[in-house]
Amino acid sequence: MRHIQMPAAGLSAPQVILGMMRIAERTDDEIRALVGAALEAGVNYVDHADIYSPGLSVHECERRFAQAMQLSPAEREQLTIQTKVGIVKDGPRYDFSYEHIISSVEGSLRALGTDYVDVLLLHRPDPLVEPEEVARAFNQLHSAGKVRHFGVSNHTPAQMELLHRNLDQPLTVNQVQLSLPHAAILTEGLLANTLGAAPHISPDGAGVVEYCRMNGIALQAWSPYQSPTGVFIGNPEYPELNAVLESLAETHGVTPTGIATAWITRHPADIQVVLGTTQPARVREAAEGADIRLSRAEWFQLLRAAGHPVP
């Protein structure tokens, strides 16, 4: 498994991350098999969130992870555990207040059975954010040794800059939605100043990739295999894309899932891919794909096959 550097955090991390949002109703054996397959593939980074639970409950996936894994202190040290805070399911609404951040992190620590999390992300932007409150919460959590690194999810450059101006700790991660069909954060620069390109440009998030690269913020791609109509791999609504995925999979000796992964990891921003699967085989396929370096011609071939114009 190829590892990348997370510059602002000073961490070496695998380019594939195991997302844990769907494990609440899995058995202990199934969870151990999933995590075991990831570890065998070199994926020792897991992604949680306080809201990953059925219904309006919270912390259930974190709790199930801890119950199934029963990590020893040494095993815990070998994992990078990331969780997220800020979404209130009863609404839904967002809450980046000092009180909510602190109480939610305490809940995550109890559920995970650990004294600390390696990375804490603010989960989607809160339009009512008061950066000074976020800074106070981050300072308290960091000084108490309960959170080592901080980041955000789905934030624009301006939203990150607003936080940057008030925080004592650097932002180390921005987790954003990215897949072959959903690639506006990559195509907007390609299509700048191009007549009729508006559907392929994300004005509110313009420059997010460049901002993160300039500031040493690691980018993580969530829903890497999703399209507006569901998973695009094997989806008859994407015949051209799937034909190219299958052709390149045969060329490189991996599966189409591996090629879809390789398309993201090929980007020079060293984007990490956050998996949402509960199938060990899918984890192995993604890990194998992350080790492939597509050529420029192959990367652009996939981009065009996904429906993005290249002027």
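Sequential numbering from 1 along the given sequence is applied to the chain's residues.
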S108 and E62: side-chain donor and acceptor closer than 3.5 Å?
-> yes

So, taking the atom named [atom1] in [X] and the one named [atom2] in [Y], what distance separates them when rounded to the nearest 0.5 Å?
X: I81; Y: L71; atom1: CD1; atom2: CG; answer: 6.5 Å
X: M20; Y: L34; atom1: CE; atom2: CG; answer: 5.5 Å
X: T255; Y: E246; atom1: OG1; atom2: CD; answer: 10.5 Å
X: L121; Y: L171; atom1: CG; atom2: CG; answer: 9.5 Å
X: L120; Y: T172; atom1: CG; atom2: OG1; answer: 9.5 Å
X: I102; Y: L141; atom1: CD1; atom2: CG; answer: 3.5 Å

Within the 4.5 Å heavy-atom criterion, are [X] and [Y] side-chain neighbours or not?
X: V119; Y: Y45; result: yes
X: L245; Y: F232; result: yes
X: H267; Y: V209; result: yes
X: L302; Y: L241; result: yes
X: R296; Y: R266; result: yes
X: V134; Y: N166; result: no
X: M69; Y: V46; result: no
X: H3; Y: Q15; result: no

[atom1] ([X]) with more than 12 external heavy atoms under 6.0 Å:
X: R282; atom1: CZ; answer: no
X: E25; atom1: CD; answer: no
X: D28; atom1: CG; answer: yes
X: E250; atom1: CD; answer: no

Would a hydrophobic clustering, with Ile, Leu, Val, Met, Phe, Trp and Tyr connected at side-chain separations under 4.5 Å, put [X] with [Y]?
X: W222; Y: L178; answer: no
X: V176; Y: Y94; answer: no
X: V117; Y: V85; answer: yes
X: V88; Y: L56; answer: no
X: V147; Y: M160; answer: yes

Give the intermediate values and the outcome of side-chain contact (heavy atoms from CB on, under 4.5 Å) for residues I217 and H164.
-> CA-CA 11 Å; I217 299 171; H164 258 311; 3.8 Å; yes

State whether the side chain of [X] and the backbone N or O of [Y] hold a donor-acceptor pair below 3.5 Å, judged by distance alone.
X: D118; Y: Q82; answer: no
X: S223; Y: Q177; answer: no
X: S104; Y: H100; answer: no
X: K84; Y: H48; answer: yes
X: D95; Y: S97; answer: yes
X: T187; Y: L190; answer: no
X: Q220; Y: N174; answer: no
X: R2; Y: A290; answer: no
X: H308; Y: L180; answer: yes
X: N242; Y: N235; answer: yes

Give the ring-plane orientation class for [X] versus [Y], where under 30° counts as parallel, over 60° as perpendicular and anything between as tilted.
X: H123; Y: Y52; value: perpendicular
X: F150; Y: H142; value: tilted
X: H155; Y: F96; value: parallel

Identify the heavy atoms of [X] and [Y] that sit nearest to each other, and give their distance.
X: P125; Y: S153; answer: CD-O, 4.0 Å
X: F138; Y: Q169; answer: CB-OE1, 3.5 Å
X: L18; Y: A38; answer: CD2-CB, 3.9 Å
X: V274; Y: P224; answer: O-CD, 3.3 Å
X: A286; Y: T257; answer: N-CG2, 4.4 Å
X: Q159; Y: N154; answer: OE1-O, 4.1 Å

Decide, yes or no, whether a salt bridge links R304 with E240 under the criterion of side-chain N to carboxylate O below 4.0 Å.
->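 Salt bridge: no.
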
Pairing of R284 and E288 as salt bridge, 4.0 angstrom limit | no

Which residue, Q67, H59, E60, forms the side chain to side chain donor-acceptor pair (under 3.5 Å) with R63?
-> E60

Are E133 and E99 close enough, and set up right, to give a side-chain contact (heavy atoms from CB on, under 4.5 Å), and what steps lead you there?
-> CA-CA 9 Å; E133 286 202 39; E99 290 81 9; 3.9 Å; yes

Honestly, is R148 close enough over Y116, meaning NZ or CZ under 6.0 Å from the six-membered ring centre and within 45° of the axis?
-> yes

Could you walk me through whether I17 and V43 pass side-chain contact (heavy atoms from CB on, under 4.5 Å), step by step?
-> CA-CA 6 Å; I17 296 173; V43 178; 5.6 Å; no

Assess whether side-chain contact (heavy atoms from CB on, under 4.5 Å) is satisfied between V173 and V152, documenting all intermediate values.
-> CA-CA 6 Å; V173 171; V152 295; over 6 Å; no

Run the salt bridge (Lys or Arg N to Asp or Glu O under 4.0 Å) check on E210 and R213 step by step: do they pass?
-> CA-CA 5 Å; E210 292 75 16; R213 292 180 73 182; over 6 Å; no

Do D50 and K89 pass the salt bridge (Lys or Arg N to Asp or Glu O under 4.0 Å) test, and can you show the C-alpha distance, the side-chain angles, and the key distance before you say yes or no?
-> CA-CA 10 Å; D50 54 357; K89 297 172 79 173; over 6 Å; no

Verdict with reasoning, E132 to R136, per salt bridge (Lys or Arg N to Asp or Glu O under 4.0 Å) = CA-CA 6 Å; E132 297 83 3; R136 184 158 65 102; over 6 Å; no

